[in-house]
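Predicted, not measured: the structure shown is a model, and the values here were computed from it. Numbering of ligands and ligand atoms starts at 1, following listing order. Residue numbers run from 1 in the order of the sequence given.
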Amino acid sequence: MAKMGTSSRVAAAIVVVLGLVSSLAVVCNGGKTSSFVRKVEKTVDMPLDSDVFKVPPGYNAPQQVHITQGDQLGKAVIVSWVTVEEPGSNTVLYWSAYSKKQKSEGKVTTYKFYNYTSGYIHHTTIRNLKFNTKYYYVVGIGHTERQFWFITPPEVGPDVPYTFGLIGDLGQSFDSNKTLTHYELNPQKGQAVLFVGDLSYADNYPNHDNVRWDTWGRFTERSVAYQPWIWTAGNHEIDFAPEIGETKPFKPYTHRYHVPYKASGSTAPFWYSIKRASAYIIVLSSYSAYGKYTPQYKWLEQELPKVNRSETPWLIVLMHSPWYNSYTTHYMEGETMRVMYEPLFVKYKVDVVFAGHVHAYERSERISNVAYNIVNGICIPVKDQSAPVYITIGDGGNLEGLATNMTEPQPAYSAYREASFGHATFDIKNRTHAYYGWHRNQDGYAVTADSMWFFNRYHHPVDDSTSAQ
Ligand SMILES: [Fe+2]
């Protein structure tokens with residue numbers, strides 16, 4: 001071993017220390033990894049005889065009632081429900097304080113999945129509704145009638161305030177029930193839910209026991225019968241099970257949950273868009289082909305230039321598998337889609353991307369990673385004021401439990417991460433400002449464990465970073 005003088009040893013040590021400090025500055029100046037420690041307990045599904053799964057009384061009573069937006073503008077609603085004894089009526093009777101009773105007729109469908117046969121699934125679209133109006137509606141006509149209500153959104157416009165709830169990967173465990181209760185009791189009062197995929201988790205049961213699709217429908221009815229949930233397909237919606245002869249992907253999901261995809265020129269129910277108040281919401285499918293020339297790619301390419309930010313300032317994208325995820329679970333699963341679509345998101349200045357899949361919470365800085373190509377090796381995400389904030393909200397509480405393992409150190413782009421169950425709200429104030437808050441289930445209903453003021457990328461593209469720099 002060669003000998004080194006004292007001064008050169010000191011110099012070498014300084015070089016090493018400086019090197020360490022500078023490399024730490026590159027990879028290690030991440031945001032906050034929450035110190036909140038959730039009590040570790042097993043996440044288990046609520047038993048079949050739980051009160052939240054109760055079948056409504058009465059002959060052929062409609063159950064699993066749910067609504068979603070039925071057109072591009074918010075003047076239509078798709079009402080869906082299931083009857084068990086017999087098909088019964090497809091009619092929805094509806095009225096407001098200012099209109100007489102009207103009827104709309106829909107369709108009924110059933111499906112089989114291995115040894116399971118579904119109930120009679122009804123979908124009826126009611127159209128030409130007035131904006132910002134409370135409507136009452138009745139289903140089950142001729143047998144057991146059940147009445148619900150919803151409020152249509154305000155007319156689309158740039159400064160229309162509107163509050164979206166955000167829930168993902170909900171499932172039907174005791175924790176799922178807490179998440180839904182926290183959403184319902186959040187004083188921020190979400191008016192519609194943006195649901196980022198993975199609904200019932202029925203596929204975790206033997207033969208994908210579709211009875212658990214029915215229980216999920218009954219569990220969520222208390223919210224989704226009264227306000228629309230905007231659906232995104234997750235991997236638990238695929239239900240691909242060739243071992244039991246079920247080879248048609250998304251069969252239960254597409255029979256049970258309809259979306260207004262044709263209204264936005266989409267050719268499949270897995271990618272589509274809606275306008276609601278001051279937001280333009282694009283739903284993408286992580287589990288449909290998205291490469292160049294595919295239907296989804298072609299649709300998105302034509303869709304983004306259509307977004308008129310003077311009409312709908314807030315451009316929101318929903319997908320299931322996150323592009324930026326610093327947990328070890330599902331690490332880099334969204335990478336191929338990111339490579340395909342991220343340049344478009346930056347070009348069209350998407351405000352925020354919500355994803356699920358990872359059963360935890362994470363919020364990114366505004367960053368992009370579009371400089372990379374196969375030869376230049378530039379692969380570190382950089383701050384980019386034209387880029388969206390990426391939020392993973394797959395923390396609904398399903399039976400698979402929390403994702404607790406994180407990549408270390410926290411990457412610079414990750415602003416906040418925490419392995420707790422919860423939900424969020426995105427509260428649009430006007431064309432420039434929106435208040436975003438994440439609520440963990442352990443806190444009081446009004447408490448936000450993570451929050452951010454969003455500045456609109458088109459109308460107020462000022463740095464809204466929450467980091468100290
Ligand atoms: Fe998932």
Side-chain angles (χ1 to χ4, degrees), residues 43-45 165-173 175-176 179-180 183 193-205 208-210 212-213 215-217 219-220 229-241 246 249-254 256-257 259 268-271 282-290 296 317-338 341 353-364 390-407 417-424 438 441:
T43 309
V44 289
D45 269 357
L166 289 143
I167 301 177
D169 304 67
L170 184 58
Q172 46 194 298
S173 75
D175 291 289
S176 322
T179 302
L180 187 55
Y183 171 62
V193 169
L194 305 178
F195 191 90
V196 292
D198 283 0
L199 284 62
S200 74
Y201 288 76
D203 59 346
N204 276 353
Y205 284 84
H208 297 221
D209 186 359
N210 275 223
R212 282 286 175 174
W213 272 105
T215 52
W216 196 80
F219 157 53
T220 50
W229 287 27
I230 308 304
W231 303 110
T232 312
N235 53 305
H236 288 279
E237 278 66 74
I238 302 174
D239 279 310
F240 176 69
E246 292 298 342
F250 300 107
K251 194 206 270 182
Y253 174 66
T254 51
R256 290 167 182 274
Y257 293 91
V259 297
F270 312 111
W271 59 90
I282 293 179
V283 178
L284 294 180
S285 174
S286 305
Y287 307 104
S288 303
Y290 47 76
Q296 183 169 204
V317 177
L318 313 181
M319 61 179 68
H320 186 61
S321 188
W323 294 354
Y324 288 96
N325 159 38
S326 74
Y327 290 81
T328 56
T329 310
H330 304 309
Y331 187 61
M332 288 189 65
E333 278 183 26
E335 186 64 4
T336 46
M337 195 191 213
R338 183 192 67 75
Y341 290 164
V353 176
F354 293 107
H357 202 34
V358 179
H359 302 158
Y361 173 70
E362 185 164 24
R363 175 174 59 81
S364 81
Y390 293 88
I391 290 174
T392 303
I393 185 90
D395 55 349
N398 68 77
L399 78 169
E400 291 176 357
L402 281 168
T404 50
N405 292 329
M406 303 171 184
T407 58
R417 56 185 188 174
E418 178 179 324
S420 293
F421 293 133
H423 77 278
W438 175 66
N441 287 355

Next item on the list: Have a look at His357 and say which of its N, O or S atoms is nearest the Fe ion (ligand 1).
Entry: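 It is ND1 of His357.
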Next item on the list: State the atom name: nearest N, O or S atom of Asp198 to the Fe ion (ligand 1).
Entry: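 The Fe ion (ligand 1) is closest to the Asp198 atom OD2, counting only N, O or S.
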Next item on the list: Could you go through the side chain to side chain donor-acceptor pair (under 3.5 Å) check for Thr179 and Ser176 one step at a time?
Entry: CA-CA 5 Å; Thr179 302; Ser176 322; over 6 Å; no
Next item on the list: I would like to know whether Thr215 and Gln172 meet side chain to side chain donor-acceptor pair (under 3.5 Å); could you show each step before the answer?
Entry: CA-CA 8 Å; Thr215 52; Gln172 46 194 298; 2.5 Å; yes
Notebook entry, point to check: Where is the tightest heavy-atom contact between Ser321 and Tyr287, given as atom of each residue plus distance?
Noted result: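 That would be CB-OH, 3.9 Å.
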Note to self: Could you report the tightest heavy-atom contact between His423 and Trp438, atom names first, then the distance?
What the structure shows: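 Closest heavy-atom pair between His423 and Trp438: O-CD1, 3.2 Å.
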Checklist line | 2.8 Å cut-off met by an N, O or S atom of Ser321 to the Fe ion (ligand 1) | finding: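 False for Ser321.
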Note to self: Under 2.8 Å from the Fe ion (ligand 1) - does any N, O or S atom of His320 fall there?
What the structure shows: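 So His320 counts as coordinating the Fe ion (ligand 1), yes.
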